[in-house]
Amino acid sequence: MKMVFATLRIVAGVLGLSAVMATFADTASRSPINPFNFFGFFTLQSNILTAVVLIMSAVMIFLGRTQSPALILARGCVATYIVIVGVVYNTLLVGLPGGVELPWANTVLHVVMPLYVAIDWVFFGDRPALQWNRFWVVLVYPVVWLVVVLVRGATDGWVPYPFLDPATGYASVALYCVGIAVGIGVFGVGAWAVSRVRILKP
């Protein structure tokens, strides 16, 4: 069963990175690309982090080594982030201009990866329960990302998502920021709670 887990994670990780690289190449082929803007999207950062963590987990399994507590913690964190990507995109951003232009890559980044990681985290029980005293770790990356985005929006005017644009009003932006923080907290609690469930044991 462990080899099944590892194989699926390798496939998902490679697919996710391929979608990111294809999106970069497609965007660069149509117009000059600013890497800071391109990789400034939470969607792309989360997919890259998720793919890397999935591949690292798979490699450890193939090598017959135990996944470290840090790796298990990273899996819980990226599961939180990528599921949020799927939920936010499919409820707030689907159909809006300025997203991923390649249809297959868009589907992989916003649907396939979130769904796979959710299934992996819920059903594949090759991890111990995450400790609640480490819950704060899941909040670090999103908070840093949000601060950088807000600073950029206020200085050079670039924002990755329209609901974070200062032009819409700081009250609106603040409301969305609170919503993002609450969402991360809620999904993080879900990921931590689910880590105590083992449906498919290795």
Side-chain angles (χ1 to χ4, degrees), residues 1-24 39 41-89 105 107-148 180-202:
M1 187 64 75
K2 277 188 176 182
M3 293 301 131
V4 174
F5 296 171
T7 301
L8 290 173
R9 286 172 189 158
I10 284 285
V11 171
V14 171
L15 183 61
L17 291 178
S18 298
V20 172
M21 291 187 290
T23 300
F24 183 89
F39 290 107
F41 287 84
F42 189 82
T43 293
L44 294 175
Q45 292 182 16
S46 295
N47 270 278
I48 292 170
L49 288 172
T50 299
V52 169
V53 170
L54 287 175
I55 292 171
M56 289 176 62
S57 172
V59 169
M60 296 302 290
I61 293 173
F62 282 133
L63 293 177
R65 298 179 182 175
T66 301
Q67 297 176 77
S68 68
L71 181 56
I72 300 298
L73 180 60
R75 285 177 54 198
C77 289
V78 298
T80 301
Y81 308 148
I82 200 67
V83 169
I84 288 175
V85 165
V87 171
V88 170
Y89 174 80
T107 300
V108 168
L109 298 174
H110 293 113
V111 179
V112 175
M113 289 294 282
L115 278 177
Y116 170 74
V117 174
I119 291 170
D120 182 298
W121 188 249
V122 171
F123 288 94
F124 298 172
D126 62 328
R127 70 281 189 276
L130 295 176
Q131 299 303 308
W132 289 107
N133 62 4
R134 293 293 186 90
F135 180 75
W136 61 272
V137 176
V138 77
L139 304 173
V140 174
Y141 159 64
V143 168
V144 171
W145 175 84
L146 197 56
V147 169
V148 171
I180 291 171
V182 171
I184 291 169
V186 169
F187 281 95
V189 167
W192 257 244
V194 167
S195 72
R196 284 149 176 78
V197 178
R198 290 178 181 162
I199 298 175
L200 296 177
K201 298 180 180 179

- So do Ile82 and Tyr116 actually touch side chain to side chain, heavy atoms under 4.5 Å?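 The answer is no, as the side chains (C-beta and beyond) never meet within the 4.5 Å cut-off.
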Taking salt bridge (charged side-chain N to carboxylate O under 4.0 Å, His left out) as the cut-off, I'd like each qualifying pair that reaches into [range], sequence neighbours left out, listed once.
range: residues 78-87; result: none
range: residues 182-198; result: none
range: residues 65-89; result: Arg75-Asp120, Arg75-Asp126

Can I get a per-line list of side-chain donor-acceptor pairs under 3.5 Å for residues 183-190, giving both atom names and the distance, sequence neighbours left out?
none

- Item | Contacts of Phe123 that satisfy side chain to side chain contact (heavy atoms under 4.5 Å, CB included) - sequence neighbours left out |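 For Phe123 the side chain to side chain contact (heavy atoms under 4.5 Å, CB included) partners, ignoring immediate neighbours, are Ile119, Ile199, Leu200.
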- Query: Does Asn47 use its side chain to pair, donor to acceptor, with the backbone of Gly16 at less than 3.5 Å?
  - Reply: no
- Query: Is a donor on one side and an acceptor on the other found under 3.5 Å between the side chain of Trp121 and the backbone of Ala191?
  - Reply: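 Looks like yes, one N/O pair under 3.5 Å.
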Less than 3.5 Å apart, which donor and acceptor atoms pair up between the side chains of residues 128-144 and the rest of the protein, not counting sequence neighbours?
{"unit_1": "Gln131", "atom_1": "NE2", "unit_2": "Ala129", "atom_2": "O", "d": "3.4"}
{"unit_1": "Trp136", "atom_1": "NE1", "unit_2": "Asn133", "atom_2": "O", "d": "3.2"}
{"unit_1": "Tyr141", "atom_1": "OH", "unit_2": "Gln45", "atom_2": "OE1", "d": "2.8"}

Heavy atoms only: give me the nearest [X]-[Y] pair and the separation to one decimal.
X: Thr66; Y: Met60; value: O-CE, 3.6 Å
X: Met113; Y: Ala12; value: SD-O, 3.3 Å
X: Ala118; Y: Val83; value: CB-CG2, 4.0 Å
X: Ala19; Y: Val108; value: CB-CG1, 3.7 Å
X: Ala6; Y: Ala58; value: O-CB, 3.3 Å

- Passing candidate, side-chain contact (heavy atoms from CB on, under 4.5 Å) with Ile48, options Val53, Thr43, Val20, Val78: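 That would be Val20; it is the only one of Val53, Thr43, Val20, Val78 passing the side-chain contact (heavy atoms from CB on, under 4.5 Å) with Ile48.
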